[in-house]
Amino acid sequence: MLRYAGRRITAMIPALLVIIVLVFALLRMIPGDPAVFIGGENIGPEALQALRERLGLAAPLPQQFLDYLASLARFDLGRSLHTQLPVTSIIGNAITLTATIAITSTVLGLLISVPLGVVAAYSKSKGRNRGDGALMAVVMVLDNVPSFWLSLLLMLGLSYGLGLFPISGAVSWSDPGAMAARLALPVIVLAIGQVAALTRVTRSAVVETLGRDYVRTARAMGTPEPTILFRHALPNAALPIITMTGLSFGRLLAGTVIVEAIFSIPGIGTQLIQAITGRDYPVVQGLILVYALIFLTINVVTDVVYTRVDPRVRLA
Amino acid sequence: MDASQQMSPEIAVEVRGLSVEFPTANGPARAVTDVSLSVARGERLAIVGESGSGKSVLSLALMGIVGGSGTITGGEVWLQGQDLLALRPEQLRRARGRDIAMVFQDPGTSLNPVISIEAQIVAPLRRHLGLSRAAARERALQLLAETGLPDPARTLAAFPHQLSGGMRQRVMIAMAVACEPTVLLADEPTTALDVTIQAQIVDLLSRLSSERGSAVVFVTHDMGLVARFADRIAVMYAGRIVESGPVLDVFAAPQHPYTRGLLASIPAVDGPLPDRLTQIDGSPPPLTELPAGCAFVDRCPSALPQCSSSQPALTERRPGQVAACWATATIDVSHREAVSA
């Protein structure tokens, strides 16, 4: 298992290199000079040149790239052009927030989708197509609700209307209760965004396993229906569900960027938007690298989880 | 042997007028029509017939299970003084695995691949017999040892994919006999296995069931197996039982033309091998368009005019042997004389 994980992590290196090159090049193709953002529109040509030199933007691009690679090799992501704070500490502060939101909403999404999918599959297998149809119609509606619209709707209803959740204010771990209330809406919005895909996958996978011989055996041995569903059918349907959870986690990360902006949560999504707007090259580069690492790691984690669920899967 | 069973007819299971239908685009397919049978304690009944004759559907319907969208449209299954099909779902579930259990055809797909053998055997023991975890494990070890598995403890810890087909079928049998059911059903339990394993599995099934006094209903199309294993035989055609009786009597003097055809299609082990195996021409009618009369009429060499209009009832031809046929019913007497001569 460890050897397998080690090999998979080594295999990430080429992908990461490509991403490093692409992001470095693309960023510098966007119009806009960081020095102008920092020095202001009215800065004189000499002062601008001095600022560029101080920020390390005066050297030829290949030189800048090599310097960047050299510092990356020392696990140094550089400093923000604007605040001079180390990029690692900017990311470190923001990522716990984003990770909390992403993981909580994935868990919540699974807690909603898996039972929904199992119930839909069960209705279908019992020929109760109306129950199945109704559930899937709800899921289809959820699938087509844009997350920004849902965010605004929930803010309007639950925050302004009922005053249940604060939508602004400090985001700090010192008061866990307030933190939970502050993060609740973004988590709900992102969880709902996952429900459609996960419910569909659960439903179709469970429908398939319910038709298998071993389910008939379980029934013939007098196994109660809930045990058949959750102990016999669901684990056999787990592989597609895990795959979809991994894929959907990727989409969810993209979703955090929008939702963090709407709920003004200083996660890595918000940092990314600010950094791009201010052409803060080191911060953007560092953040994209982190996103890429998360995506690649999720793939490995997904494969390792397979082996925990299905004894037939062996990592080679 | 037959006589002794006639003397002690302690009925284990009695089926009356069982019918099963599946809805199709062409109307309901009548997979099983008006089947009645009874099996005594310790008796072994073989149900034979070609593919699609309804024998597997019948065996599942005995425990109230129909696959897909099928329904049991009528009938009773009396087991231990109660009609299984009239029970509430919860009571029926409790009877399954405890009073009536089944060994399935393909042990490769009939065991759950993600659940250990231990969990699969132990769960019914705990559920039906109320055993503690440790006691159920002990019992499972003992059951696996009885099936002749060389290393029960290791088998218990294994997952199905780590076992061979023969080992899996032994596990399946251990599960089925675990709660000492009154009736043990077996749906072609050896079809998916190597020939060398088949005999072992049949002997095992036969030994374990007789040790526990279970009645066995055995679905197969292997006539060799029937001769070796069963006391009585029931021949199914297009969803109905067309003939049944003691195996030796039916083999010696089949009363239904279909049974005769079925037996004639088996090549003799001794004597010259025929150039072509004897076959019954034609094929059974679609289950959605069963005729008013006998379903075998189009393939029958001795069909009478009344056969296509009127369904023949099962009538007794010799003690314990019944057949549903107009043609042989009329020549019954002469035939009986010919047999006894």
Need one label for [X]: side chain, backbone, both or neither, based on atoms under 4.5 Å from any heavy atom in chain A.
X: B:R94; value: neither
X: B:L60; value: side chain
X: B:M172; value: side chain
X: B:I65; value: side chain

Proximity breakdown for [X] and chain B, heavy-atom pairs closer than 4.5 Å:
X: A:T209; result: neither
X: A:V215; result: neither
X: A:R212; result: neither

Near [X] [atom1], under 6.0 Å, is it more than 12 heavy atoms from other residues, nucleotides or ligands?
X: B:R212; atom1: CZ; result: yes
X: A:R231; atom1: CZ; result: no
X: B:R30; atom1: CZ; result: no
X: B:Q91; atom1: CD; result: yes

Any side-chain donor near an acceptor of the partner, B:E180 and B:S214, under 3.5 Å | no

